[in-house]
Amino acid sequence: MGINLLLATKTTASQAPDHLLDTVHSLPILELASVCINLTLFLVFISIVSARQVVVCFGRVRVPKEDSRGNPVAIRHRGVVDGEEIQSLVIGKSYKASVFCCFYVLFVQVLVLGFDSVALIKGKGNNSDWTSVPLPAAQSLAWFVLSFSALYYKFKAVEKFPLLLRIWWVASFVICLSTLYADCRGFLIEGSSHLSSHVLANIFITPPIGFLCYIAIKGVTGIQVSRNSDLHEPLLGEEDAGCLKVTPYNEAGFFSLATLSWLNPLLSIGAKRPLELKDIPLLAPKDRSKANYKVLNSNWEKLKAENPHKPSLAWAILMSFWKEAACNAVFAGANTLVSYVGPYMISYFVDYLGGKETFSHEGYILAGIFFAAKLVETLTTRHWYLGVDILGMHVRSALTAMVFHKGLRLSSSARQSHTSGEIVNYMAVDVQRVGDYSWYLHDIWMLPLQIILALAILYKNVGIASVATLIATIISIVATVPLARVQEDYQDKLMAAKDDRMRKTSECLRNMRVLKLQAWEDRYRVRLEEMRGVEFKYLRKALYSQAFITFIFWSSPIFVSAITFGTCILLGGQLTAGSVLSALATFRILQEPLRNFPDLVSMMAQTKVSLDRITGFLQEEELQEDATIAVPRGVSNVAIEIIDGDFCWDPSAPNPTLSGIQMKVEKGMRVAVCGVVGAGKSSFLSCILGEIPKISGEVRLCGSAAYVSQSAWIQSGNIEENILFGSPMDKAKYKSVIHACSLKKDLELFSHGDKTIIGDRGINLSGGQKQRVQLARALYQDADIYLLDDPFSAVDAHTGSELFKEYILTALDTKTVVFVTHQVEFLPAADLILVLKEGRVIQAGKYDELLQAGTDFNTLVSAHHEAIEAMDFCNQISEESDKHDPLDRSVLLSKKCASVGSNIAGMAKEVQEGVSASDLKAIKEKKKAKRARKKQLVQEEERERGKISMKVYWSYMTAAYKGLLIPLIIIAQTLFQVLQIASSWWMAWANPQTAGDQPRTSSMMLIGVYMALAFGSSWFIFVRAVLVATFGLAAAQKLFLKMQKSVFRAPMSFFDSTPAGRILNRVSIDQSVVDLDIPFRLGGFASTTIQLLGIVGVMTQVTWQILLLVIPMAIACLWMQKYYMASSRELVRIVSIQKSPIIHLFSESIAGAATIRGFGQEKRFMKRNLYLLDCFARPFFCSLAAIEWLCLRMELLSTFVFAFCMVLLVSFPHGSIEPSMAGLAVTYGLNLNARLSRWILSFCKLENKIISIERIHQYCHLPSEAPELIEDSRPPSSWPQNGTIELIDLKVRYKESLPVVLHGVSCKFPGGQKIGIVGRTGSGKSTLIQALFRLIEPEGGRIIIDSIDISTIGLHDLRSRLSIIPQDPILFEGTIRGNLDPLEEHSDQEIWQALDKSQLGEIVRQKEHKLDTPVLENGDNWSVGQRQLVSLGRALLKQARILVLDEATASVDSATDNLIQKIIRTEFKDCTVCTIAHRIPTVIDSDLVLVLSDGRVAEFDTPVRLLEDKSSMFLKLVSEYSTRSNGLPDF
């Protein structure tokens, strides 16, 4: 009925349009607002219902079945599952009350409508009465919808009222209260004549609507639903716990997207407890890295095909993501247009306050326009920023995946021109930068648009003087360009210096063990500090130029406004307060694009540099696709065929690495490859794999291949994962693989068995164990062709022969095997032996054929036989013990060693019996460990939880000049703000209030005072910028040096259990944040705080009533900020932790690229990389959305405060307030929401960035090793003179939580003697050496060298007096000279002597740079054997009295081994030499032999005595070795 009436009134009104307008004008403002709001919400409701119907009709989107009736279910049903039976509904009192209230209000409104309609019909044609109908008609319509909607939710069993309904109730209550307030005022003024049906109705309906408003805020309907799902519930619960939900963003409705309320569930979890990764929902499929990578990669490939020489990566990115960019552009454009509404309207507003009213209610309408513009601006800003962030995230994940993919396919020459540090930097820094450019994407077209809009407004206000504005704007933009160039130049140099430092740091971390063993860590730390010095020089220049740019952009609006006003006055233009304030507001908005321009220029330049670097890398040469020809399995009987192959690592080298290679290997053949060090054996395997660039010829492979490299590549992860290497688990096969690789016993000794997590680069495995894990990995893959690069060098004789028998002869019996070996004893079992020399196959054939042919093969074999004869010689000694002199010496020695226990034979028996007992014990221990779940070596990365402690802030603020600069920065900023407000106030006050008034001062005085105030303020900004840069530099450097020192002084256990990626993350990413970000964030936070106080100050100065809103608003803001920070902090911490695995996988995969390709596993690693990228993007996306969530709510609050201020100003009677001051308040108020959100943002971003300081802080306080020097107990400079080593009851464990490794070892090594240390793999040989160098501090017992207990002296004193040739020969990037003598203590002559003695002199002399011959990263351009000889050279230079050889000759052939032994015998004849070796000939001529078994001393005596004892363990090892060497054909 109400609608019909409304229509009837509309038709009559249309006949008299003038009357209608008059009627609308004569409606009270609140009634008009009420009608508009109700009709608007009604239309929204209708459109939602219609949209749902349309969607259901077209069936594009899944809609829950129950919504298809077109009823207002714009809500998420909490768990009403289709077809799930509802067992019972409990309808609460609150629901009943809500429905009753709705129908009660509807009844009242219909009553009023009836009453007014009757009155209208009775007094026909009386227009004034007509105005009483629209309000009750609109209200009746609204409450009709609301009442039946509320009733409908009972039938749908909904537990929460939909958002639209709740907003409608709240809006109704606000209107009610406002009307009540107006009625009370009217009643006081007019008395009872004010009473009417509307007033009475409003009084009656206010309480029920108040109750509905309360229900709306709670949101709960009061209906409790219990479902009939007893059987399903627990199952579902378990499933949900494991599976992750996809982000609600994916399917959020319009309103949820607009207000970002889809994030509420996550934030509410975060407010209750710290968030974990599992709380964070998965990304929507379209946001995942795989989708983005596919799109970008296909576009890149397309462009490469069109223009192979110079494809544009930028164009490929644009082609891939243009839709997102276009959507963003819409928001950005709308935002720009709306932001200029305020400045344009201010002059009208000031005129209105000055008494010029052009139409009725003008003030309220102006206030409404201001409010609407601000509202739209707020919404578009937040969605524009979020869109930009998401776009950046997509670009980053796609580019990272492309760089990773490329890294796995680089050719060797391309790999040499990019170290792994550089490649990681492409991903960590350059990709990041390209992604960040999305922020600046739209500035290119928005800048001109903003300037045009600004000039249009200025032209309206100051006339022709706006031309001066344009010129001044152009000057201030042009002034920043050269500065930006300089800045960019410094940035480039800074990046290059950072690259160098990162490369060196990463190398030091990788090889920290060597640095500590050689006592070089101080020298390398100083070298890194020098590199940081270079970086710091450019950092200083970059920051100071940044400070100058800051000064320029803060001054530019002041400069522009001074020029504009000056010109206007000179041209005799008439300024008024309104036009001045409008111009000032415009300049303020113009400040943003002017400020962004230098950023834009430098960002474009930086992005171009990064894009060029990435493009260069993506265009690098890849491995030749045709390097090998894959023949399908079963087509041919030939497994490997090489025809006329010439191969060369370096295309520019005069001689190829391998030349004239001819080979045909049939299926199932065993091929052995041998030759001296540097003959090209590893390169030979590389040519079969297609790793080495092929110059000519062809390589054919039939079937799949598996590859085992010479230096083991182990992934961090557990042992099982390393063996499976991506294949599914097959228990039976797995067991047989473990058996074939002799890993069973090792796994039993580990507390977690095959679930033991391996440290960075396999750090907690011995060399032999690493090698066998590699072999197991290859065997498990069940390939057709096996390529093994010297797999037996790192294991002892017994394990070696066991492996050969079980692995090559049994497990790989039917496979084609090509193995490189130095062990001559394995050669007779090969079907074909290739002898390599200088890159050519000089002999090929079977063992006996080659022996008869003589030449090089003979030399290798005879060298081996010499070694074996030495052993036989010892055996003879034991038979003819009386006749020979050497025996006397051994007897003397054995007397010295009597303390170990006279009856060695008895001891050996005990040991043998003890073996089985210790085996049982080990198994028991393993079970116990499983129960206790002891800690692993590598732990999850630790992160702080909860609030960032003030200690972290304080440590940073006091890091520079004890914090004295902080108050100075604040004072400078405050003075700037005060002067700026004063200059604006002066211009508004001194000019005429409205056109025609008289100015208050002369023109010269006006402009003079303005310029003085304005330029004074910009001078303080300059002071602040310089102070902030000075403070930031000092603090960053102090933190860096502290962290660097702390890391280098950390014990070895820290590096064993911390992946290098974690440390690198802190010294690169976190340090960058501290260098470049935090000082400006701190300065920015201080300045925004003071600006905000300034704005609120100006607004309260004019309308003090605003404090009534500002105080609750501030409380609400702080509460929201606290609520948000709870989640945000944890999100940022999770983000920084999720970054490390990406970098770690990256550097690990680059290092093991050859192995990954050898197994054909590139796809799996690519998948893993995409998965890790998504793990990173999940928390990253949520943290971005959370910032926008907070800002949106903050800005909405401040928009309401601003609207309140406007309404107050309009409500005051004319003349009660000075228009210029009111205008000033509005000018500043326009900035309130932007400032408030910037303030909160800058605080949150500061807190998020401070996490970097927190992370660096963690590493500044690492537990340290023992002191380097102890001044009170320094050993004499000649110590150790004799080199006697005494071990007394030595007990060692690697970590509190790990089992003991050495159990009470006691023995004495006499000075000047040669001691051999032998034992099965994992018996504790290397641990003993680590204890000697104090890499591990013993848990009990002592080590005494020349009567000084080594635990009482400084580490540097100890390690610098001992010498070691370690198992893994490590070279540092640099030169040969730098590798031999990093401390620069020796002359060139001494270095040449050392090189000659270590058989490298000739090789180095042939190189053109001699001692400055370059060494690549990891020494990749030298063979493993040559690297080992360089290690020997280091020991020869050091000339210490005690030399330790840890498997030092494992990687060289027998001839070179014999040679090294000879050098050691002559050069170190007076030294104590401790040799750990698997090759028995290496230790057979020692003076004493120590046999270890399971961390205990099994035997310790002269080799002769031990060989006499038939039960000795040593004899067992020797006989194993000699049977292996002589009797292999019996296998």
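Values below: all heavy atoms of this structure, side chains included; hydrogens, waters and symmetry mates excluded.
- In this structure R1377 satisfies the side chain to side chain donor-acceptor pair (under 3.5 Å) test together with D1388, D1412, sequence neighbours excluded.
- Aromatic ring pairs are classed by plane angle as parallel below 30°, tilted from 30° to 60° and perpendicular above 60°; the pair H1261 and H1257 is tilted.
- Once rounded to the nearest 0.5 Å, the distance linking OG1 of T1375 with NZ of K1407 reads 13.5 Å.
- A salt bridge links R525 and D522; the closest N-O separation between the charged side-chain nitrogens and carboxylate oxygens is under 4.0 Å.
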Apply side chain to side chain contact (heavy atoms under 4.5 Å, CB included) to the pair L1064 and I1143, showing each step before the final yes or no.
-> CA-CA 9 Å; L1064 287 175; I1143 294 181; 5.6 Å; no

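- Note on D1075 versus R532: salt bridge recorded, some NZ/NE/NH1/NH2 to OD/OE distance being below 4.0 Å.
- Remark: side-chain polar atoms of R1255 are not paired, donor with acceptor, to backbone N or O of R1066 under 3.5 angstrom.
- Considering only heavy atoms from C-beta on, R396 stays 4.5 Å or farther from V434 through its side chain.
- At distances below 3.5 Å, at least one donor-acceptor pair connects side-chain atoms of R1359 with backbone N or O atoms of R1334.
- Contact of the E1148 side chain with the F1165 side chain is not registered, since no non-hydrogen atoms from C-beta on lie closer than 4.5 Å.
- Under the 4.0 Å criterion applied to side-chain N and carboxylate O atoms, R1049 and E1268 are assigned as salt-bridge partners.
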Kindly list each side-chain donor-acceptor pair under 3.5 angstrom involving residues 421-428, sequence neighbours excluded, with atom names and distances?
{"residue": "E422", "atom": "OE2", "partner": "R503", "partner atom": "NH1", "Å": "2.8"}
{"residue": "N425", "atom": "ND2", "partner": "D499", "partner atom": "OD1", "Å": "2.1"}
{"residue": "Y426", "atom": "OH", "partner": "H418", "partner atom": "ND1", "Å": "2.9"}

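- Considering OG of S1149 and CD1 of I1156, their distance stands at 4.5 Å, rounded to 0.5 Å.
- Side-chain atoms of K406 come within 3.5 Å of backbone atoms of E620 as a donor-acceptor pair (strictly under, hydrogens ignored).
- Q1428 CD to L1371 CG: the interatomic distance, rounded to the nearest 0.5 Å, is 10.0 Å.
- Without hydrogens or angle criteria, S1147 side chain to H1144 main chain gives a donor-acceptor distance under 3.5 Å.
- Q1138 contributes atom CD, which lies 8.0 Å from atom CG of L1172 (distance to the nearest 0.5 angstrom).
- No side-chain donor-acceptor contact under 3.5 Å links R409 to the backbone of E1162.
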Any chance you could lay out the side chain to side chain contact (heavy atoms under 4.5 Å, CB included) test for T756 and L765, step after step, and finish with the verdict?
-> CA-CA 10 Å; T756 301; L765 300 181; over 6 Å; no

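- Ring orientation note: the planes of F404 and F1146 are tilted relative to one another, at an angle of 30° to 60°.
- Around atom CZ of F1054, more than 12 heavy atoms belonging to other residues, nucleotides or ligands sit under 6.0 Å away.
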Steps toward salt bridge (Lys or Arg N to Asp or Glu O under 4.0 Å) verdict (K608, D612) = CA-CA 6 Å; K608 188 176 181 310; D612 290 346; 3.0 Å; yes

Stepwise side chain to side chain contact (heavy atoms under 4.5 Å, CB included) check, L515 with M512 = CA-CA 5 Å; L515 294 184; M512 189 53 83; 4.2 Å; yes

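- Judged purely by atom type and a 3.5 angstrom limit, S1140 has no side-chain atom pairing as donor or acceptor with the backbone of R1062.
- Between C508 and L528, the closest heavy-atom pair is SG-CD1, 4.2 Å.
- Separating the CD atom in E1385 from the OG atom in S1360 is a distance of 9.0 Å, to the nearest 0.5 Å.
- No side-chain donor-acceptor contact under 3.5 Å links K1042 to the backbone of C1260.
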For S506 and R510, run side chain to side chain donor-acceptor pair (under 3.5 Å): C-alpha distance rounded to whole Å, both residues' side-chain angles, the deciding distance at 0.1 Å, then the answer.
-> CA-CA 6 Å; S506 130; R510 262 202 317 272; 3.2 Å; yes

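- Side-chain atoms of K498 come within 3.5 Å of backbone N or O of S1068 as a donor-acceptor pair.
- In this model, a donor atom of one side chain and an acceptor atom of the other lie less than 3.5 Å apart for T1030 and Y544.
- Between I1256 and F1040, the closest side-chain pair of non-hydrogen atoms is not below 4.5 Å.
- Each of V1404, L1380, I1365 was compared with V1430 under the side chain to side chain contact (heavy atoms under 4.5 Å, CB included) criterion, and only L1380 meets it.
- A960 is linked by a side-chain contact (heavy atoms from CB on, under 4.5 Å) to F1031, A1034, A1035, counting only residues two or more places apart in sequence or in another chain.
- Considering every non-hydrogen atom in both I1329 and I1364, the closest pair reads CG2-CD1, 3.8 Å.
- A1029 and L543 get closest at one heavy-atom pair: CB-O, 4.0 Å.
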Between Q774 and I714, is a side chain to side chain contact (heavy atoms under 4.5 Å, CB included) present by the stated rule, with each step listed?
-> CA-CA 7 Å; Q774 276 213 108; I714 302 285; 4.2 Å; yes

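- Summarising the geometry of V1073 relative to K1249, their closest heavy-atom pair is CG1-CD, 3.7 Å, with the distance given to 0.1 Å.
- For Y524 and F1372, the ring centers are positioned less than 6.0 Å apart.
- Taking 4.5 Å as the limit, every side-chain heavy atom of E1373 sits out of range of all side-chain heavy atoms of L1416.
- Salt bridge annotation for E721-R1168: absent, with no cationic side-chain nitrogen under 4.0 angstrom from a carboxylate oxygen.
- The closest side-chain heavy-atom distance from L1082 to Y956 is below 4.5 Å.
- In this structure, the side chains of L509 and V1047 come closer than 4.5 Å at one or more pairs of heavy atoms.
- Looking at every heavy atom in both residues, G717 comes nearest to N722 through O-ND2, 4.3 Å.
- Atoms CZ and CG, on F1333 and L1362 in that order, are 4.5 Å from each other to the nearest 0.5 Å.
- Using a 4.5 Å cut-off on side-chain heavy atoms (C-beta onward), K1438 and Q518 make contact.
- Using a 4.0 Å cut-off between charged nitrogen and carboxylate oxygen, R527 and E530 do not count as a salt-bridge pair.
- Counting heavy atoms from C-beta outward, R1434 and W520 have side chains that approach closer than 4.5 Å.
- Here the closest non-hydrogen pair linking S397 and S289 is CB-CB, 3.7 Å.
- A salt bridge links R1157 to E691: at least one charged side-chain nitrogen sits closer than 4.0 Å to a carboxylate oxygen.
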